[in-house]
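Report on one structure; see the data block that follows.
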Amino acid sequence: MRFDLNNLPADPELLRCLVRDIATTIDHRDSEIERLKSIIKQLQRMQFGRRSERIDPDQLALGLEDVDGDIARIEEEHPTGSSEAAATQPRRRALPDHLPREDVLLDVQGDVCSCCGSALHLVGESVSEMLDWVPAQLRVIRTTRPKYACRSCNKVMQVAAPERVIAGGLATPALLAHVLISKYCDHTPLYRQSQIFARHDVDLSRSTLASWVGGACWWLEALHGRLCKNVFASDHLFADDTPVPVLDPGRGRTKTGRLWVYAREQRPWAGPEPPAAVYLFEPDRKAVRPATHLANFKGILHVDGYAGFEQLGDKDGVVLAACWSHSRRKFYEVAEATGSPVATEALRRIGELYAIEARVRGQSSAHRLAERRSFSKPIVEALHAWLELQLPLVSGRSTLAEATRYMLSRWHGLTRFLHDGRIELDTNPVERAIRPVALGRKNHLFAGSDGGGHRWAIACSLITTCKLNGVEPYAYLRDVLQRMVDGHPVNRLDELLP
């Protein structure tokens, strides 16, 4: 706003209007500056800072009794003082018993004393262990099938050639499992794997490895379908999606596909079903995608703020539970960028809810519900009243107002955990399932095609479900591929789920 200071109006009412307009403009600009500063700091933190949103211990009002108990226990175990306890180093774990042992004997020379010449007798021994590494090695399995002929009828007999995972391919199930685990679990791109094989004097091009991945996933696709059916039959799921760059040769650059992830996690409330996660690749983020995936789903669905999930809430039998973690993140970003005491107070109150959840994790749903109604409900009600009181006091365009409105607009979904002990506060189980995909993006950058995105989904579904159930992924994939090649019945695929 520009005006001539030497030619101000003389009318007091006009001057008051002018001052009000100036104040409104300044307030608008201050809000915009604060918003832009917050965005800049957020981008700087994403680029250079840590991404975790750890709660400052000073924010929590609960849990002090546990701290006092730990201090008392340490003082009891170390009565000489806390300095001795701090100096105590943790004991190193014993090496696992399942590892093979190679004994090395270091014995003295001779059986007589070097000082007096008397005979020596054994009084004991000292045994120590060190951990060694045996590098992986490639080997060739030669299969010989003798041919026999009958002189009487001129018939030739020979044992049929064993089935191979890839017709005419060189790779055994063990090698294919290694390639899959290296790419989708350890995030080693195929070109790096090719370089590793070259160090063993074995020439395996990236295109060869890519065809192996495709061939192995062809066998695993049916198993992926059974896993999806098993997970979607549940009545308690977590849903989210994450971008996946996909090569688009026609345009000479990548396009953005999506991996939709659905996780089942019932251990926090001692539920009966084992944990699992399934990934489904789609070329876009349209709302029709989750609606198609969950067409027959009925139950509790934990979701973030994506508007496409809201359509699922209109279906009969589907209950949407909103995520406190996403709401908390908004206040965390404001607190980190501006140091707002209001945002800090919001974090402290949310932290109290998480302290209660940590106390009841692993308990039955009935026990969790009772604890929440006794301890969490008063905190939630007080937080809602406090947020409604704070909202009119801040600029409507500020990031703090955006964070407040984000939480209040989802309040119905956020408070569902007060009515059902099975509901979690957040979507962290599916967020953890997405994390390996993010690591994969940083390493092998993009999928080569939509088919590559589909193979990514198949491998990640089986590998992540293995890890959730304490199953070693490499041993699992090697065993499953071998069983399938050996003719495992199609109608018994459920026996092979991890």
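Contact record, R441 with T242: NH1-OG1, 2.8 Å, taken as the closest heavy-atom pair. Nearest heavy atoms, Y279 versus C460: CE1-O, 3.5 Å. Between A277 and T465 the shortest heavy-atom distance is O-OG1, 3.1 Å. Residues G396 and A401 share a closest heavy-atom pair of O-CB, 3.8 Å. Contact detail for L462 and P498: the closest heavy-atom pair is O-CG, 4.1 Å. G452 approaches A447 most closely through the heavy-atom pair C-CB, 4.0 Å.
Remark: the backbone N or O of S461 is not paired with any side-chain donor or acceptor of T464 at under 3.5 angstrom. Within the 3.5 Å criterion, the main-chain N or O of N428 finds no donor-acceptor partner in the side chain of H302. The closest donor-acceptor contact from the side chain of R164 to the backbone of G169 lies under 3.5 Å. A distance-only check finds no donor-acceptor pair linking the side chain of K467 to the backbone of C185 [under 3.5 Å]. Checking side-chain atoms of Y476 against main-chain N and O of L496 turns up a donor-acceptor pair under 3.5 Å. When atom types are taken as modelled, the side chain of N443 and the backbone of L439 share a donor-acceptor pair closer than 3.5 angstrom. Formation of a donor-acceptor pair under 3.5 Å by the N469 side chain with backbone atoms of V471 is not found in this model. Listed for the S376 side chain is no donor-acceptor partner under 3.5 Å among the backbone atoms of R373. A donor-acceptor contact shorter than 3.5 Å links the side chain of S194 to the backbone of L204. In terms of modelled atom types and a separation under 3.5 Å, the side chain of W219 and the main chain of V485 share no donor-acceptor contact.
Counting heavy atoms from C-beta outward, V334 and V342 have side chains that stay 4.5 Å or more apart. Inter-residue side-chain proximity for V394 and E402 is flagged as unmet; no heavy-atom pair is nearer than 4.5 Å. The closest side-chain heavy-atom distance from L237 to L294 is below 4.5 Å. Using a 4.5 Å heavy-atom threshold, the side chains of L220 and L180 count as touching. Counting heavy atoms from C-beta outward, L320 and R410 have side chains that stay 4.5 Å or more apart. Using a 4.5 Å cut-off on side-chain heavy atoms (C-beta onward), V231 and L227 make contact. With contacts defined as side-chain heavy-atom distances shorter than 4.5 Å, the pair L223/M484 qualifies. At least one side-chain heavy atom of I356 sits less than 4.5 Å from a side-chain heavy atom of I379.
Seen from the ring of Y262, R264 does not count as a face-on cation partner, given the 6.0 Å and 45° thresholds. Annotation: cation-pi pair R349/F331 absent, no NZ/CZ under 6.0 Å from the ring centroid and within 45° of its normal. At least one test fails for R328 against the ring of Y354: distance under 6.0 Å to the centre or angle within 45° of the axis.
A donor-acceptor contact closer than 3.5 angstrom links the side chains of S205 and S207. For the 3.5 Å distance criterion, the side chains of E273 and H236 fail to qualify, holding no donor opposite an acceptor.
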For this session: Please test L99 against L131 for side-chain contact (heavy atoms from CB on, under 4.5 Å), starting from the C-alpha separation and ending with a verdict.
Result: CA-CA 10 Å; L99 295 179; L131 191 61; 3.8 Å; yes
Exercise. Please walk me through it: do D240 and D304 pass side-chain contact (heavy atoms from CB on, under 4.5 Å)?
Worked result: CA-CA 7 Å; D240 204 351; D304 58 11; 3.0 Å; yes
For this session: Could you please spell out the steps behind the side-chain contact (heavy atoms from CB on, under 4.5 Å) verdict for K377 and V380?
Result: CA-CA 5 Å; K377 187 176 181 180; V380 169; 5.7 Å; no
Problem set entry | Criterion side-chain contact (heavy atoms from CB on, under 4.5 Å) on T399 and K330, from CA distance to verdict | CA-CA 8 Å; T399 52; K330 302 287 186 181; over 6 Å; no
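Within the structure, no pair that satisfies the side chain to side chain donor-acceptor pair (under 3.5 Å) test touches residues 172-186, not counting sequence neighbours.
Between D235 atom CG and K298 atom NZ the span is 12.0 Å, to the nearest 0.5 Å. Between the CG atom of L176 and the CG atom of L481 there is a distance of 6.5 Å, given to the nearest 0.5 Å. We find the CD1-CG distance between I458 and L280 to be 10.0 Å, quoted to the nearest 0.5 Å. Rounded to the nearest 0.5 Å, atoms CD (Q363) and CZ (R368) are 9.0 Å apart. To the nearest 0.5 angstrom, L170 atom CG is 9.0 Å from L175 atom CG. Distance check, rounded to the nearest 0.5 Å: CG of N296 to NZ of K229 gives 10.5 Å.
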Could you go through residues 429-438 and list every donor-acceptor pair under 3.5 Å that involves a side-chain atom there, pairing it with any protein atom two or more places apart or in another chain?
unit_1 : atom_1 : unit_2 : atom_2 : d
E431   : OE2    : H326   : NE2    : 3.4

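Taking 4.0 Å as the cut-off between side-chain N and carboxylate O, R289 and D241 do not count as a salt-bridged pair. The residues R226 and E495 are annotated as not salt-bridged, no charged nitrogen and carboxylate oxygen being separated by less than 4.0 angstrom. Contact check on E357 versus R372 returns a salt bridge, with a Lys/Arg side-chain nitrogen under 4.0 Å from an Asp/Glu carboxylate oxygen. The existence of a salt bridge linking R329 and D426 is excluded, since no basic side-chain nitrogen approaches an acidic carboxylate oxygen closer than 4.0 Å.
Residues that satisfy the side-chain hydrogen bond (donor to acceptor under 3.5 Å, both in side chains) test with E163, not counting sequence neighbours, are absent from this structure.
Enclosure of atom CZ in R405 by more than 12 non-hydrogen atoms of other residues, nucleotides or ligands within 6.0 angstrom is indicated. Heavy atoms of other residues, nucleotides or ligands lying less than 6.0 angstrom from CG of D284 number more than 12.
Taking the six-membered ring where the residue is Trp, the centroids of W324 and W411 are separated by under 6.0 Å.
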